[in-house]
Amino acid sequence: MVRTMSLLRALISTARMVRHTPRLADGLPPDDAVLLDAPDGELGPALVAAAVGDHEPAAKLLATTRGAAEWENRDRYVMRLAAFAYSRPGWLAGWLAASPRDPDALLVKAELEVRRAWESPASVERLREVGPLIHAAAEADPRDPVPWRLALDHARGTHATHTAFEALWEQAVRRSSHHYGCHVAALQYLSAVWHGSHRECFDFAERAAEDSLPGSLVQALPVRAALTLLLAGAVTAVQADRIDAAADRAAQLSARYGSGDPWPAEVRNLLVYVLIARGRWEEALDQFHAIGPYATSFPWNRVSDDPLGQFLEARDGVRIEVASATPIRGGRRTRPTDRAVAGQGRAAGPAVPGDHYA
């Protein structure tokens, strides 16, 4: 009898998957349309030009972010340009030769050398050697918080004391009190993997989110703390409650942006990972619809050397989980847009310009 009931449940589950899984793909881009770490419309041309040795578009792009105090965009662009220079350094060398004191070129150079130092077997020694480059980038434009995000990453890698780190943190928030990159750097320092604890990490993330504006990416800081906790292993009941609350907050942030918006893509990828870990399948599927074609390496690269493949596998797995729980004769599953139209959820729309800037 037990064996018969187990078989019946398996057959029902399979029938649900066969019937519902194809429909649940409606609105999801096909696998070959999903992009990993796709640059936005501003960064893309700068990378194309850099590929042929032309640094001018990158210089213009970063100068624009600096002039407009678009610190979040600036931070993202600097990291992507440095990653490109890691394997194609010629265009950056040409830029520095032409403008050795350019604040933007100095910042990309500092980011590049910190990246190289982190990957060295002697990372602590190499990081100490690149300290003057970070100092030079910070001096080149005293308003810019991005060099201080680099300084915070540098301090973590060189095992700076809490007192030394707090002094750098003060300098960072003085320039931009809600800069997401600086907050992420501080969160990493305070994690149990480095120089803090799970409790300290979560406390910091929750306080920062409480103090930030509703559309700020800092709202996603607790879900980053949740990921750190999940990757560490066993989760207590109290920790599980904090993780779920962090996911709820990140979902509210996601709802402030339109589906397929590349700006919150990394936050949405992170959120869907946490939702999957918590078995919140329908909410995870909602986030996959919101992500659209914009897969990001983080967080999938924390569990796989093939982040895009991991993203696609996770998306398929979530569809199957939702399908297997959908009654065979059940009505149409309500999509996020349906709930919004019906007045049962938050309508997804573009953020107010400037909401996500520090």
Side-chain angles (χ1 to χ4, degrees), residues 37 39-40 42-43 62 65-66 68-83 107 111 114-115 137-138 143-156 165 168-191 194 201-228 246-247 249-257 261-274 290-291 294 296-299 302 350-358:
D37 299 329
D40 65 18
E42 300 295 327
L43 179 61
L62 291 186
T65 63
R66 182 161 45 87
E70 295 177 351
W71 305 127
E72 302 289 7
N73 276 333
R74 180 174 177 80
D75 204 357
R76 289 186 177 194
Y77 295 157
V78 164
M79 288 190 286
R80 293 296 301 276
L81 289 167
L107 184 55
E111 175 75 37
V114 167
R115 179 183 295 263
R143 302 174 307 134
D144 188 356
V146 181
W148 296 95
R149 189 268 300 162
L150 261 178
L152 293 170
D153 287 337
H154 178 267
R156 173 167 54 95
F165 191 89
L168 295 172
W169 172 249
E170 182 182 347
Q171 293 293 329
V173 296
R174 181 182 300 173
R175 287 158 175 81
S176 182
S177 58
H178 300 294
H179 183 256
Y180 181 61
C182 290
H183 278 78
V184 170
L187 189 75
Q188 290 172 329
Y189 180 90
L190 293 171
S191 71
W194 288 96
C201 181
F202 240 122
D203 287 349
F204 170 78
E206 289 171 345
R207 284 196 305 269
E210 287 292 335
D211 291 341
S212 68
L213 296 173
S216 169
L217 294 182
V218 175
Q219 290 285 321
L221 214 61
V223 87
R224 286 192 74 116
L227 174 69
T228 301
R249 185 190 291 273
Q252 291 170 5
L253 173 64
S254 174
R256 296 181 67 86
Y257 296 89
D261 186 338
W263 175 258
E266 185 177 274
V267 166
R268 284 170 168 166
N269 276 252
L270 170 60
L271 171 58
V272 82
Y273 182 101
V274 172
I291 289 167
Y294 295 108
T296 59
S297 292
F298 178 82
R302 296 298 188 270
V352 177
D355 267 2
H356 46 267
Y357 296 140

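Note that the numbering runs from 1 along the sequence shown for the chain. The analysis underlying the following values was restricted to heavy atoms, covering all of them including side chains, and did not include hydrogens, waters or symmetry mates.
Without hydrogens or angle criteria, Y257 side chain to A265 main chain gives no donor-acceptor distance under 3.5 Å. Counting only distance, with no hydrogens or angles, the side chain of S191 and the backbone of Q188 share a donor-acceptor pair below 3.5 Å. Here the side chain of Q219 pairs no donor or acceptor atom with the backbone of A250 at under 3.5 angstrom.
I291 pairs with exactly one of N269, D261, V267 by the side chain to side chain contact (heavy atoms under 4.5 Å, CB included) rule, that one being N269.
Considering every non-hydrogen atom in both A205 and A225, the closest pair reads CB-CB, 4.1 Å. Of all heavy-atom pairs between D75 and G181, the closest is OD2-CA, 3.6 Å. What you find for V218 and A208 is that their closest heavy atoms are CG1-O, 3.6 Å. A172 approaches P145 most closely through the heavy-atom pair O-CB, 4.3 Å. Pairing each heavy atom of R66 with each of R74, the nearest pair is CB-NH1, 3.5 Å. Between A185 and R149, the closest heavy-atom pair is CB-O, 4.1 Å.
Inter-residue side-chain proximity for V173 and C182 is flagged as unmet; no heavy-atom pair is nearer than 4.5 Å. At a threshold of 4.5 Å between non-hydrogen side-chain atoms, the residues W263 and L217 count as touching. The closest side-chain heavy-atom distance from H178 to W71 is not below 4.5 Å. The closest side-chain heavy-atom distance from Y294 to R268 is not below 4.5 Å.
Ring centroids of W148 and H154 are separated by 6.0 Å or more, keeping the two rings apart. Between W194 and F165, the distance from one ring center to the other does not fall under 6.0 angstrom.
Considering CG of L271 and CG of L227, their distance stands at 11.5 Å, rounded to 0.5 Å. A distance of 11.5 Å separates CD in E72 from OG1 in T65, rounded to the nearest 0.5 Å. Put simply, NE2 on H179 and OG on S216 are 10.0 Å apart, with the number rounded to the nearest 0.5 Å. In this structure, the separation between CZ on R156 and CG on L168 is 13.0 Å, given to the nearest 0.5 Å. Between the CG atom of N73 and the CG atom of L62 there is a distance of 10.5 Å, given to the nearest 0.5 Å. Between atom CG of residue L221 and atom CG of residue L187 there is a gap of 4.5 Å, rounded to the nearest 0.5 Å.
Under the 3.5 Å distance criterion, with hydrogens and angles disregarded, a donor-acceptor pair is assigned to the side chains of Q171 and R175. D40 and Y77 form a side-chain donor-acceptor contact under 3.5 Å, judged by distance and modelled atom types alone.
Atom CD of E42 sits in a sparse spot, with 12 or fewer heavy atoms from other residues, nucleotides or ligands closer than 6.0 Å.
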Worked verdict on R80 versus E111 for salt bridge (charged side-chain N to carboxylate O under 4.0 Å, His left out): CA-CA 10 Å; R80 293 296 301 276; E111 175 75 37; over 6 Å; no
From CA spacing to verdict: side-chain contact (heavy atoms from CB on, under 4.5 Å), L150, L107: CA-CA 9 Å; L150 261 178; L107 184 55; 4.0 Å; yes
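Classification of E70 and R76 as a salt-bridged pair fails, no side-chain N sitting under 4.0 Å from a carboxylate O.
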